[in-house]
There are 2 protein chains.
Amino acid sequence: MLHVAEAARVSVATVSALINGTATVSPELSARIEQAIRDIGYKRNAIARSLKMGTTRTIGLTVPHITNPFFTDVVSVIQQAFDRAGYAVMLCCTDEDLNTQDDQIKLLLDRMVDGLIVARVGDGALLKGIVEDANVPVVLLDRICEGVDTDAVVLDNQRAVFDAITYLINLGHRRIGYITGTSDITPMHDRMTGYREALQAAGLPVSEELVRSGNFHEIDGYNATMQLLSLHERPSAIFSANNPMVIGTMKAIRDIGLSCPEDISVACFDDFPWSDVFQPQLTTVAQPVQAIGEQAANLLLDRLAGNRDAPPRKLVLKGRLMIRNSCRPLGTVAQSLSA
Amino acid sequence: MLHVAEAARVSVATVSALINGTATVSPELSARIEQAIRDIGYKRNAIARSLKMGTTRTIGLTVPHITNPFFTDVVSVIQQAFDRAGYAVMLCCTDEDLNTQDDQIKLLLDRMVDGLIVARVGDGALLKGIVEDANVPVVLLDRICEGVDTDAVVLDNQRAVFDAITYLINLGHRRIGYITGTSDITPMHDRMTGYREALQAAGLPVSEELVRSGNFHEIDGYNATMQLLSLHERPSAIFSANNPMVIGTMKAIRDIGLSCPEDISVACFDDFPWSDVFQPQLTTVAQPVQAIGEQAANLLLDRLAGNRDAPPRKLVLKGRLMIRNSCRPLGTVAQSLSA
DNA sequence: TGACAGGATCGAAACGTTTAGATTAGCGTT
DNA sequence: AACGCTAATCTAAACGTTTCGATCCTGTCA
């Protein structure tokens with residue numbers, strides 16, 4: 001900018017005034033300055049501007065795994081929303097690791113992001129500190145934190161799983177295997193609650209041997225399924241509470257020589273774009289990814305627009321059971337239901 | 001930092017020296033400073049540091065669509081690599097739009113990213129300017145630019161498609177539909193060349209009616225497939241040169257009442273994690289995503305480490321044909337091959 | 001004609017760092 | 001006792017903006 005000012009024979013203050021439109025500058029100086037800008041190829045340095053203004057027009061976004069299609073979609077929506085609003089987004093993947101998450105959030109804060117959208121991992125102790133220090137607005141995505149009072153958009157996980165399990169029960173399934181992620185995050189906890197409640201509501205026992213947990217990866221789903229399938233009395237259906245893990249479930253079923261839905265029914269949380277075109281067409285609980293992403297972006301943009309003091313808002317969206325053909329009715333349906 | 005300095009009764013220079021280890025500071029001052037840092041909860045402002053140092057330890061990454069599984073995976077790998085190296089990554093999705101891409105790259109440069117990884121869109125005129133102005137190192141990903149002389153990592157697209165089409169031909173297919181993306185980017189161009197050459201090598205005609213192009217989205221694949229399937233003499237196999245479009249292809253096949261591979265064989269570019277577990281198990285050309293991401297990251301990290309003057313390096317990796325069960329041999333194989 | 005309002009322009013401080021160079025203190029040599 | 005050397009510390013400028021308040025000019029009005 002100094003060079004521009006010199007070339008146009010004006011002060012830097014005038015250049016700044018013209019660029020930002022913060023004061024009127026005469027036509028002739030404007031012309032000179034604009035010419036100089038073109039000649040020099042000047043571009044305003046956003047870092048210097050950020051330092052002075054105290055705002056970076058950048059937000060931080062952390063998710064556990066970007067390869068999980070649910071997060072992929074949400075990230076995509078959020079990215080677009082902030083792009084439209086003229087914000088850049090720094091993306092971090094925490095790989096479901098608490099320390100990684102802490103490091104990344106610190107890194108983002110060091111870089112003076114204006115806001116944070118976090119699909120958190122672990123117990124959120126650091127997050128609590130951040131929110132309370134209240135330097136930047138943060139919105140929680142998908143997963144909320146007990147002690148942390150801030151904006152959030154989540155799914156009614158309990159209800160969604162309740163409905164899915166109830167659907168399986170109505171098909172005649174009595175032994176329903178359940179594969180969960182680590183239970184220290186709310187969605188996994190709530191989904192598990194939905195599972196238990198559905199069984200209880202149907203008067204069925206909750207057998208611990210039917211519940212397995214893994215760390216969200218395909219391999220974990222594979223191992224969990226292997227265990228379920230080698231039970232003395234194996235389940236007739238399996239519900240996987242997480243999207244990548246269900247791939248592992250399907251591989252395990254294949255490797256053990258069974259087929260779905262003939263030998264075993266499968267349903268899972270989170271939809272895939274290809275669910276209704278490959279066989280078996282998976283019955284899933286679809287999250288409204290578009291809405292989730294947009295709402296999260298809107299909540300944060302609203303705070304960034306200056307609405308800092310409004311009380312925390314918590315949006316709870318509804319999942320939708322997408323019934324396809326990966327779950328089959330058991331022969332005993334009629335009797336079981338009438339029993 | 002000023003506050004820390006005051007609290008510890010030292011100068012800011014000493015605080016800086018201690019934090020960065022750029023000079024020795026006596027044990028007693030160190031203790032006082034560290035205490036003050038803890039008391040105040042001081043965190044270094046990365047923006048101010050960036051301004052002074054001229055480096056942000058942030059890189060920009062632009063891809064056309066993050067929801068394309070190929071890019072999802074590559075982004076994930078790149079993100080991890082830079083995370084390990086202490087860099088943040090700003091992610092932009094250009095949505096296959098040239099103007100969007102230009103805007104985003106400008107935005108990234110304004111923010112003084114230290115480097116750029118670009119899976120480009122369009123003819124790359126702006127990119128050429130950027131690379132030539134040589135302020136920041138850029139590595140091209142997946143797609144190269146004619147006039148732009150910079151680091152790049154790409155696939156041998158031509159060979160990969162040549163092999164895939166040859167495979168179909170060996171199965172006995174003679175009319176092979178081909179669905180491409182817009183041909184202004186190198187991979188699409190090269191893949192198309194591979195298609196033509198494979199046909200020519202087998203002495204088959206290249207019929208323009210069998211070639212359809214779309215804009216990379218599922219719906220484009222759907223429409224293109226619909227057109228191919230309504231041809232007077234419809235193809236016995238379809239190859240989709242892009243990953244999301246093949247979903248559209250499968251939907252079109254389903255909607256028209258055909259099935260794969262019984263009525264029509266399908267293969268495509270880019271692998272899916274679930275390819276070998278759902279039916280039909282798609283035959284695909286798998287790109288080495290892990291290697292691509294790592295190589296791209298390494299090329300850029302090497303430049304960032306100071307190796308600015310080395311000549312541009314272009315890495316060409318090989319695809320791998322993953323043969324599954326979505327392509328069936330035609331009855332006429334024996335005769336055709338011996339003919 | 002002189003005072004003054006108002007618009008255009010400018011000078012300089014500030015944002016929070018890093019760092020070159022100056023200063024100081026301590027200590028062994030001669 | 002004077003000297004020089006080294007290590008520790010400090011002062012102040014610089015990075016590229018924004019912005020407050022000051023200055024300058026022009027024209028209007030009494």
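Residue numbers start from 1 in every chain, and the chains themselves are labelled A, B, ... in the order their sequence lines are given, proteins ahead of strands.
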Is the shortest side-chain heavy-atom distance between A/L140 and A/V154 below 4.5 Å? no
Under 4.0 Å between any heavy atoms, over every strand shown, what does A/S16 touch: base, sugar-phosphate, or nothing? Just pick one. base
By nearest nucleotide on DNA chain C, pick out whichever of A/P27 and B/T22 is the more 5' one. A/P27
Under 3.5 Å, side chain of B/R111 to main-chain N/O of B/T58, donor-acceptor pair present? no
Rounded to whole angstroms, how far apart are CD1 on B/I19 and C1' on C/dT19? 14 Å
Is the phosphate of C/dC10, meaning OP1 or OP2, less than 4.0 Å from a side-chain N or O of A/T14? yes
Give the rounded distance in Å between these two atoms: CE of A/M112 and P of C/dT17. 10 Å
So if I take the C1' atoms of five pairs at each end of the helix from C/dT1-D/dA30 to C/dT30-D/dA1 and get each local axis, what angle do the two axes make, rounded to 10 degrees? 80°
Of all heavy-atom pairs between A/M188 and A/F216, which one has the smallest distance, and what is that distance? CE-CE2, 3.5 Å
Could you give the start and end, 5' to 3', of the contact zone on DNA chain D for chain A, using atoms under 4.0 Å from its heavy atoms? D/dG16 to D/dT19
Need one value for A/L29: base, sugar-phosphate or nothing, where a base atom within 4.0 Å counts as base even if backbone is also close, heavy atoms only. sugar-phosphate
Answer yes or no: is there a donor N or O on one side and an acceptor on the other, between the side chain of A/D114 and the main chain of A/R57, under 3.5 Å? yes
Kindly say whether B/V25 contributes a backbone atom to a donor-acceptor pair with the side chain of B/S30 at under 3.5 angstrom? yes
Is there a donor-acceptor pair under 3.5 Å between the side chain of B/D95 and the backbone N or O of B/D97? no
Grab the CZ-P distance between A/R9 and C/dG11 for me, whole Å please. 14 Å
Tell me, which of residues 47-56 of chain B have any heavy atom that sits under 4.0 Å from an atom in DNA chain C? B/A48, B/R49, B/K52, B/M53
Check: B/I47 main-chain N/O paired with B/N45 side-chain donor or acceptor under 3.5 Å: yes
For the pair B/S16 (side chain) and B/V12 (backbone), establish whether a donor and an acceptor sit closer than 3.5 Å, ignoring hydrogens and angles. no
Considering all heavy atoms of both residues, which atom of A/A119 and which atom of A/R143 are nearest to each other, and what is their separation? C-CD, 4.2 Å
Mark yes or no for whether B/R303, through its side chain, and B/A310, through its backbone, hold a donor-acceptor pair below 3.5 Å. yes
Could you check whether B/R49 pairs with A/D110 (Lys NZ or Arg NE/NH1/NH2 to Asp/Glu carboxylate O, under 4.0 Å)? no
